[in-house]
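Scope of the values below: all heavy atoms of this structure, side chains included, with no hydrogens, waters or symmetry mates. In what follows, chains carry the letters A, B, and so on, assigned in the order in which the sequence lines appear, proteins first and then strands, with residues in each chain numbered from 1.
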Amino acid sequence: MASTALPLNPTHLSSPGTQISDSPSPPSLSLLSRCATLSQLKQIQANTIKTHLQNHAPTLSKLASFCSLSLPEHIEYAQQLFDQIPEPNTVLFNTLIRSYSRSHTPIQAINLFVKMLTNNIQPDNYTFPSILKACAMASALEEGRALHCHCIKLELDSNIFVQPTLIRMYADCGAIESAQKVFNATMKGRSVVLYNSMITAYVQRSRPNEALALFREMQAHNTPPNDVTVLSVLSACSLLGAVDLGKWVHEFVKKNGLDMFVKVNTALIDMYAKCGSIEDAKMVFEKMPFRDTQAWSAMIVAFAIHGQGEDALTLFRKMETERIKPDDITFLGVLYACSHTGLIDEGRRYSLLR
DNA sequence: ATAGGGTTAG
């Protein structure tokens, strides 16, 4: 890990000329914006301490917020900074809760929410999307239901940002009927995100027909589907093995310019492969102007599940020559290809790569 | 100052 020295703003360095000011100001935004590593953040912190600002709450708050947003892998340091702030406000709680909701320790978000309540800090419309996502990740249904009650009390259950996360929370916790209740309670002017959350919920619980019914309903209600919608709808087609429907969605994708999204094309490859049409999968792959790791993986897996082990391995070698970095799913596809084609030696060789 | 939905595998 290279720790480059940060070019510090001279006004932040202590010198005989700069004495403690009466109203110390937190580190400037331009200084923080050039901060890319934790050690640089600590340099800034050290320099503010040098100018006797160590107990300056706005400074700690700014550092904690920056650390949590821009150095999410150092969430525990953000927490350390946060713990030194005497009276953290709602915004700072929200910022940290959001970081935890995207971390490997979502439970910590729930702990912070509890702390928020015991400190009499009112959660708001920014708090719930993050905390509900954390519950979804942790499969914390009890806590999720309790949070839903808080939403209702604070009249935030009608918030357009809160609703999709309530649905996602219930769906990820396996309570699809509660997700449906939330969805059905929302009536007028449903957003595309709200539809997407329910369609995805159905797909994830292997209920493709209900997902497709909602897909039709949103169009009937003049809510145009977007790239995220078709990702889930294509999953539904795969679950049904419905290639004709998949082809219809493919046409829809082209007509609405959604084929500019790499992920949509990747989902099309997957759909065609799972519906038995490897030729169509190949055609989509070849037409893609840009292919990321996921697109290559999807095509390798597509060949593998069709028993075309040699094609999968050829594609893998081509991926290597194009210097696209393989991921775990790429290797899964490669090994799958070997196992389906009796390529024991190749399989052994590739399994030593990582 | 801070907020929502996501394909590839299993």
Q. Side chains of A:Asn226 and A:Asn196: do they bring a donor and an acceptor to under 3.5 Å?
A. yes
Q: Could you check whether A:Ser191 gets within reach of a base, just the sugar-phosphate, or nothing at all, counting any heavy atom under 4.0 Å?
A: base
(Q) Does anything in residues 297-307 of chain A come within less than 4.0 Å of DNA chain B? Heavy atoms only, and list the residues if so. (A) A:Val301
Q. So which of residues 264-283 of chain A are in contact with DNA chain B, with a heavy-atom cut-off of under 4.0 Å?
A. A:Thr266, A:Asp270, A:Lys274
Q: Go through the side-chain N and O atoms of A:Thr330 and A:Asp327 and say whether any donor and acceptor fall under 3.5 Å apart.
A: yes
(Q) Base, sugar-phosphate or nothing for A:Leu332? Non-hydrogen atoms, less than 4.0 Å. (A) sugar-phosphate
(Q) Would you say the rings of A:Phe215 and A:Tyr195 are close, in the sense that their centroids are separated by under 6.0 Å? (A) no
Q) For A:Glu76, what residues pass the salt bridge (charged side-chain N to carboxylate O under 4.0 Å, His left out) criterion, not counting sequence neighbours? A) none
Q.
So if I apply the side chain to side chain contact (heavy atoms under 4.5 Å, CB included) rule between A:Ser235 and each of A:Leu240, A:Val203, A:Val230, which one comes out positive?
A. A:Val203
Q | A:Phe161-A:Tyr126 aromatic ring centre distance below 6.0 Å | A | no
Q) Under 3.5 Å, is there a donor-acceptor pair between the A:Ser101 and A:Ser130 side chains? A) no
Q: Would you classify A:Asp292 as touching base, sugar-phosphate or nothing, given that sugar-phosphate means primed atoms plus P, OP1 and OP2, and contacts are heavy atoms under 4.0 Å?
A: nothing
Q.
What I want to check is whether the side chains of A:Asn94 and A:Thr127 have a donor and an acceptor closer together than 3.5 Å.
A. yes
Q.
If you take the centroid of each ring, where Trp contributes its six-membered ring, are A:Phe82 and A:Phe93 closer together than 6.0 Å?
A. yes
Q: Flag the pair A:Arg317 and A:Glu320 as a salt bridge only when some basic side-chain nitrogen lies within less than 4.0 angstrom of an acidic carboxylate oxygen.
A: no
Q) Just by distance, with hydrogens left out, do A:Asp124 and A:Thr90 show a side-chain donor and acceptor under 3.5 Å apart? A) no
Q: Nearest 0.5 Å please: distance from the CG atom of A:Leu239 over to the CG atom of A:Asn209.
A: 9.5 Å
Q. With distance as the sole criterion, is a donor-acceptor pair present between the side chains of A:Thr95 and A:Ser65 under 3.5 Å?
A. no
Q. Which residues within residues 164-187 of chain A lie with some heavy atom under 4.0 Å of an atom in DNA chain B?
A. A:Pro164, A:Thr165, A:Arg168
Q. Just checking, is any N or O donor in the side chain of A:Tyr100 or A:Gln79 under 3.5 Å from an acceptor N or O on the other one?
A. yes
Q) Considering only heavy atoms, which members of residues 97-128 of chain A lie under 4.0 Å from some atom of DNA chain B? A) A:Arg98, A:Asn125, A:Tyr126
Q | A:Trp296/A:Phe285 under ring-ring contact (aromatic ring centres under 6.0 Å, His included): CA gap, chis, key distance, verdict | A | CA-CA 8 Å; A:Trp296 286 88; A:Phe285 181 78; 5.2 Å; yes
Q: Determine the contact category for A:Ile160: base if any of its heavy atoms lies under 4.0 Å from a base atom, sugar-phosphate if only primed atoms, P, OP1 or OP2 are that close, otherwise nothing.
A: base
**Q.** Range on DNA chain B touched by chain A, heavy atoms, distance below 4.0 Å
**A.** B:dA1 to B:dG10
